[in-house]
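What follows is a short report on a single structure.
First the proteins, then the strands, lettered A, B, ... as listed; each starts at 1. Only this structure's heavy atoms are used, side chains among them; waters, hydrogens and symmetry mates stay out.
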Amino acid sequence: MVLKIFNTMGMKKEDFIPLREGEVRIYACGPTVYDFIHIGNARAFVVADTIRRYLEHRGFKVFFISNITDIDDKMIKRSQETGLSIQQLGEIFSDAYFEDIAALNIKKPDVSPRATQHIPEMIEVIRKLMEAGYAYQVDGDVYFDVSRFEDYGKLSGNKTEALEMGARIEVNPKKRNPADFALWKARKEGEPGWHSPWGEGRPGWHIECSTMAMKYLGETFDIHMGGKDLIFPHHENEIAQAEALTGKTFARYWIHNEWLTVEGQKMSKSLGNFITVKDALKICSPQVLRFFLISAHYRSPIDFNRESLKLAEANLERINSAMERLQGLRERANRTSEEENLLSEVRDARSKFEEAMDDDFNTPLAIAAIFNAVKAINSYADKNAEIEALTKREVYETVKDLMGILGINIETRREEYAEEKTTIINELINLIIDVRQEMRRRKEWKISDEIRERLQKIGLTIEDSPQGTRWKLKKIQDLNKFSKHF
RNA sequence: GCCGGGGUGGCCGAGCGGUUAGGCGGCGGGCUGCAGACCCGCUGACAUGGGUUCAAAUCCCGUCCCCGGCUCCA
């Protein structure tokens, strides 16, 4: 089976063939560290991470770069607002960024290059672009001359002439063509600056990604990704800079994820519906947030709201509890046809999962395949209290693997539970359950039910079954807090 | 004005020419003292008007809505 990827360049699905066999080099646009990352950023990062994990699962050696923008207009503005230096801002919020992505189980990039640590490289790229006649200097600014680069607009489908028509901002009179963009900006009063052949100044936004991508991944690499808003102008400009310089294809596959909305609307500061990852994690667990983010295909819009979070939580719970039931089955040596059956269902789920992911990373379809396995497990556990040991292991490991590709760690929950179950509280709960069992034996239903209800209220769910009474901690957060938080 | 993406059953969400998507909910049944969890069955859909085809949610044309990019933004 070939892996197919929808390439923004050309707007169609293509077979994925890496430049070097068995290796994939990826550049994903990272955060500007002027604030905490929000759940829209989280979607982009989770999508990138899931793609990375799947490629690794498929046996590729993946080299994954994601930059940190620590100097640009937003950084300067925020620094002036807060009184913190740009370096301090960068440190605070890049730490927060790493904390947030760790919570979401996003693997750290192999390199997280920072713009401010690559100024000399950027100056060098700009210098070469000027030498080749692709850029011009006006006062202390340097602009890229879009008219010199024939392919300008090939990614976004924008035509240079059309861009002028729709321009909603005043045209900078220094530019030869309104579509020209800054490679280097002269330092203004109160701004940081670096020495350059054009005087003190700082790099434009787009040049950092072209420069750092080429430095770490080479002039041509496999995948470049980010949110769809970056298609124009950011990625278009990256292509112009890099390809004007090298004459070679910059990135071979462009992947862009759709937007996340909040209760039907685009997130924005002015609407007051701007939700950071840290805020979101006050009302749901990181696993639920991640599961929610991949429950729609990455090229479809997704809406963050109470209902969709609840749904994600319920779905994840279904998977987790099937895994716990499986774990709870006693092991035995011989295999029956029931086990054969279970195994074939689970193996089938695995290949369906892979098929789905091979088709442009169709995570919702892949999740549906996991549900097939879940149903088979529940079905088995309904009829059997025992299972052949190797079957149990294979079934467990398969589901765990597949969930792991999606970045959801099944073990995490088990570990949390295990920890809590070893405490003295565990004994207390067992004591209460034993007392309730005795009441039930005496058919004292009223008091039995009251015990169950009161435990439920404090977040402890009791489930009676022919095999005895099970209890579990209710991890579900109070989603009624939703509107209070936002 | 120029580009682009959509409208699928009560809800979320795949499919994009012929085969049950999946989950949540609802209804019926099983298990249970009851409840929950779980299992089985049922329910129910392709915005709209034309067209192409043996066959269309899927392709083509028109219409109506929604959303995004062209400006910092994942």
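- Nucleotides rA56(B) and rU8(B) are separated by 14 Å at their C1' atoms, to the nearest Å.
- Under the side chain to side chain donor-acceptor pair (under 3.5 Å) rule, R299(A) has a single partner from D360(A), N257(A), T8(A), which is D360(A).
- No contact: A314(A) has no heavy atom under 4.0 Å from any strand.
- Put simply, S300(A) has a side-chain N or O that comes within less than 4.0 Å of OP1 or OP2 on rA14(B).
- For K383(A) and rC38(B), a side-chain-to-base donor-acceptor distance below 3.5 Å is absent, hydrogens and geometry of angles not being considered.
- Residue K443(A) is out of contact with every strand shown, counting any heavy-atom pair closer than 4.0 Å.
- Atom-to-atom, CD1 of I231(A) to P of rC73(B) comes out at 13 Å; the value is rounded to the nearest Å.
- Aromatic ring centres of F221(A) and Y216(A): separated by at least 6.0 Å.
- Note: CZ (R299(A)) to P (rA74(B)) measures 21 Å, nearest angstrom.
- Look at K266(A) and you won't find any side-chain N or O under 4.0 angstrom from OP1 or OP2 of rC66(B).
- Of the residues V395(A), I377(A), L342(A), the one that meets the side chain to side chain contact (heavy atoms under 4.5 Å, CB included) test with I387(A) is L342(A).
- Within 4.0 Å of K77(A), counting heavy atoms only, lies no atom of the nucleic acid at all.
- Taking atom CD1 on I294(A) and atom C1' on rC12(B), their separation rounds to 15 Å, with Å as the unit.
- Close to rC38(B), at under 4.0 Å from its OP1 or OP2, lies no side-chain N or O of N378(A).
- Put simply, K310(A) has no side-chain N or O that comes within less than 4.0 Å of OP1 or OP2 on rG25(B).
- Residues meeting the ring-ring contact (aromatic ring centres under 6.0 Å, His included) test with Y27(A), sequence neighbours left out: H224(A).
- If you check distances only, the side chain of R452(A) does reach the base of rA35(B) with a donor-acceptor pair under 3.5 Å.
- Under 3.5 Å, the side chain of D303(A) and the base of rG13(B) form no donor-acceptor pair of N or O atoms.
- For the C1' atom pair drawn from rA47(B) and rC67(B), the interatomic distance equals 15 Å after rounding to whole Å.
- Protein atom CG of N320(A) is 15 Å distant from nucleotide atom P of rA37(B), rounded to whole Å.
- For H235(A) and H256(A), the gap between ring centers is short of 6.0 Å.
- Using C1' as the reference atom, rA21(B) and rG9(B) are 13 Å apart when rounded to the nearest Å.
- The nucleotide whose nearest atom lies closest to any side-chain atom of R440(A) is, among rG69(B), rG33(B), rC12(B), rG33(B).
- Place K352(A) and D359(A) on RNA chain B by their nearest nucleotides, and D359(A) ends up nearer the 5' end.
- Comparing the P positions of rG7(B) and rC12(B) gives an interatomic distance of 12 Å, to the nearest angstrom.
- Aromatic stacking of W445(A) on rG33(B): satisfied, with centres closer than 5.5 Å and planes within an angle under 30 degrees.
- When atom types are taken as modelled, the side chain of T50(A) and the backbone of V46(A) share a donor-acceptor pair closer than 3.5 angstrom.
- Which of rG13(B), rA74(B), rA37(B) sits closest to the side chain of E463(A) comes down to rA37(B).
- Aromatic ring centres of F93(A) and F98(A): separated by at least 6.0 Å.
- Rounded to whole Å, the C1' atom of rU32(B) lies 12 Å from the corresponding atom of rC38(B).
- The interatomic distance linking E307(A) (CD) with rC24(B) (P) rounds to 14 Å, in whole Å.
- Across the protein-nucleic acid pair, K154(A) atom NZ and rC70(B) atom P stand 21 Å apart, rounded to whole Å.
- Counted within 6.0 Å of CD on E150(A), heavy atoms from surrounding residues, nucleotides or ligands total 12 or fewer; the atom is thus considered open.
- The same atom, P, is picked in rU58(B) and in rG6(B); the two are 13 Å apart, to the nearest Å.
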Fill in the dot-bracket string of RNA chain B, one character per base: . for unpaired, | for a pair to another strand, ( ) or [ ] for pairs within the strand, taking Watson-Crick or G-U pairs under 3.5 Å.
-> ((((((((.[[[..)..(...]]].(((((.......)))))....[[[[[..)....]]]]])))))))....

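- Map K13(A) and G226(A) each onto its nearest nucleotide of RNA chain B; the residue landing nearer the 5' end is K13(A).
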Audit row: F274(A), H38(A), side-chain contact (heavy atoms from CB on, under 4.5 Å) steps and yes/no | CA-CA 7 Å; F274(A) 202 83; H38(A) 60 252; 3.4 Å; yes

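- For H38(A), taking side-chain heavy atoms from C-beta onward, the closest of the listed nucleotides rG22(B), rA74(B), rC39(B) is rA74(B).
- Put simply, the side chain of N41(A) and the base of rC73(B) share no donor and acceptor less than 3.5 Å apart.
- Between L342(A) atom CG and rC38(B) atom P the separation is 17 Å, expressed in whole Å.
- A donor-acceptor pair is defined here as one N or O able to donate and one able to accept, closer than 3.5 Å; such a pair exists between the side chain of K392(A) and the backbone of L329(A).
- Between K228(A) atom NZ and rG68(B) atom C1' the separation is 4 Å, expressed in whole Å.
- The side chain of L260(A) lies closest to rA74(B), out of rA14(B), rA74(B), rC12(B).
- When distances run from any side-chain atom of L311(A) to the nucleotides rG22(B), rG5(B), rC12(B), the shortest one goes to rC12(B).
- Among the nucleotides rC72(B), rC39(B), rA35(B), the one closest to the side chain of D382(A) is rC39(B).
- The M267(A) side chain lies nearest to rA74(B) when the options are rA14(B), rC38(B), rA74(B).
- Taking every side-chain heavy atom of L230(A) into account, rA74(B) is the closest of rG36(B), rC39(B), rA74(B).
- For the OP1/OP2 pair of rG15(B) and a distance below 4.0 Å, the side-chain nitrogens and oxygens of N362(A) include at least one atom meeting the criterion.
- Distance from the side chain of F232(A) is smallest to rC70(B) among rA74(B), rC70(B), rG5(B).
- Looking at H256(A), its side chain has no donor and acceptor atom pair within 3.5 Å of the base of rA74(B).
- S295(A) comes within 4.0 angstrom of the backbone, heavy atoms only, and of no base.
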Take F6(A) and F361(A) through the test ring pair (Phe, Tyr, Trp, His ring centres under 6.0 Å) and record every step on the way to the result.
-> CA-CA 9 Å; F6(A) 184 90; F361(A) 312 106; over 10 Å; no

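- Side-chain proximity of W259(A) to rC73(B), rA37(B), rG22(B): nearest is rC73(B).
- To the nearest whole angstrom, the two P atoms, one in rU19(B) and one in rC72(B), are 48 Å apart.
- If you take atom P in rU53(B) and the same atom in rC64(B), they sit 27 Å apart, rounded to whole Å.
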